[in-house]
Undergrad: 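Below is one structure. I have some questions about it.
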Amino acid sequence: MEPKVMPNGYVVSEEDRPYAELLESGATLMAVKEYKEAKGCGLKEAKDYIDELAVKMGIRSGYDKGEGSCLSVVMVLIVGLALLAGFIA
């Protein structure tokens, strides 16, 4: 099988290819799940591995981690406070 070369020059190993394909399609959680099941490791180890693979592939930088979740928490807090204050019916 042809090696998978990312636009940034990173060559994906055969072992990581299924996870790389999931990452490219946006299925990060599925990649974590598949890695966890295949390796028999814990959730944190699987997530860290997949996050590192994504960084190597150039899909996202290491600094992007958590930005979306932080924004989600802020939005939930704002809506919750607005509900409590009676601004939203």
Side-chain angles (χ1 to χ4, degrees):
M1 187 177 276
E2 283 279 319
K4 182 169 188 63
V5 180
M6 300 304 297
N8 67 357
Y10 178 73
V11 179
V12 177
S13 70
E14 275 303 310
E15 183 180 1
D16 286 340
R17 192 178 191 112
Y19 316 119
E21 290 172 358
L22 288 167
L23 284 169
E24 284 184 304
S25 70
T28 304
L29 292 176
M30 184 60 71
V32 170
K33 179 181 181 244
E34 294 289 323
Y35 183 86
K36 181 180 177 295
E37 289 175 358
K39 301 298 179 182
C41 63
L43 181 60
K44 179 170 178 9
E45 182 182 336
K47 182 187 176 305
D48 289 348
Y49 186 87
I50 295 300
D51 283 346
E52 181 66 27
L53 178 60
V55 169
K56 288 177 184 175
M57 292 172 59
I59 291 179
R60 62 175 178 249
S61 73
Y63 300 105
D64 290 344
K65 292 183 195 177
E67 285 181 2
S69 61
C70 183
L71 179 60
S72 299
V73 169
V74 170
M75 292 303 296
V76 167
L77 288 173
I78 290 171
V79 171
L81 290 173
L83 285 170
L84 287 174
F87 291 121
I88 300 176

Undergrad: Taking all atoms of both residues into account, what is the closest heavy-atom pair of M57 and V12, and its distance?
TA: CG-CG2, 4.3 Å
Undergrad: Is there side-chain contact between K36 and K33, with heavy atoms separated by less than 4.5 Å?
TA: no
Undergrad: M30 and V32: same hydrophobic cluster, using ILVMFWY side-chain contacts below 4.5 Å?
TA: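 No, no single cluster joins them.
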Undergrad: Flag the pair L22 / T28 as yes when at least one side-chain heavy-atom distance between them is below 4.5 Å, and no otherwise.
TA: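 Of all side-chain heavy-atom pairs linking T28 with L22, none is under 4.5 Å.
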Undergrad: Please, which pairs that meet salt bridge (Lys or Arg N to Asp or Glu O under 4.0 Å) have at least one residue in residues 8-17, sequence neighbours excluded?
TA: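 The answer is E14-R17, E15-K39, R17-E21.
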Undergrad: Which pair of non-hydrogen atoms, one from V11 and one from P3, has the smallest distance, and what is that distance?
TA: CG1-CB, 4.1 Å
Undergrad: Quick check: is L23 connected to M6 through a chain of hydrophobic side chains (ILVMFWY, heavy atoms under 4.5 Å apart)?
TA: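 They do share one cluster, since a chain of ILVMFWY contacts under 4.5 Å joins M6 to L23.
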Undergrad: Which ring pair (Phe, Tyr, Trp, His ring centres under 6.0 Å) pairs, counting each pair once, include a residue from residues 22-50, with sequence neighbours left out?
TA: Y19-Y35, Y35-Y49
Undergrad: State yes or no: do L29 and L43 share one hydrophobic cluster built from I, L, V, M, F, W and Y residues joined by side-chain heavy-atom distances below 4.5 Å, directly or via other members?
TA: no
Undergrad: Any non-hydrogen side-chain atom of Y10 less than 4.5 Å from a side-chain atom of V55?
TA: no
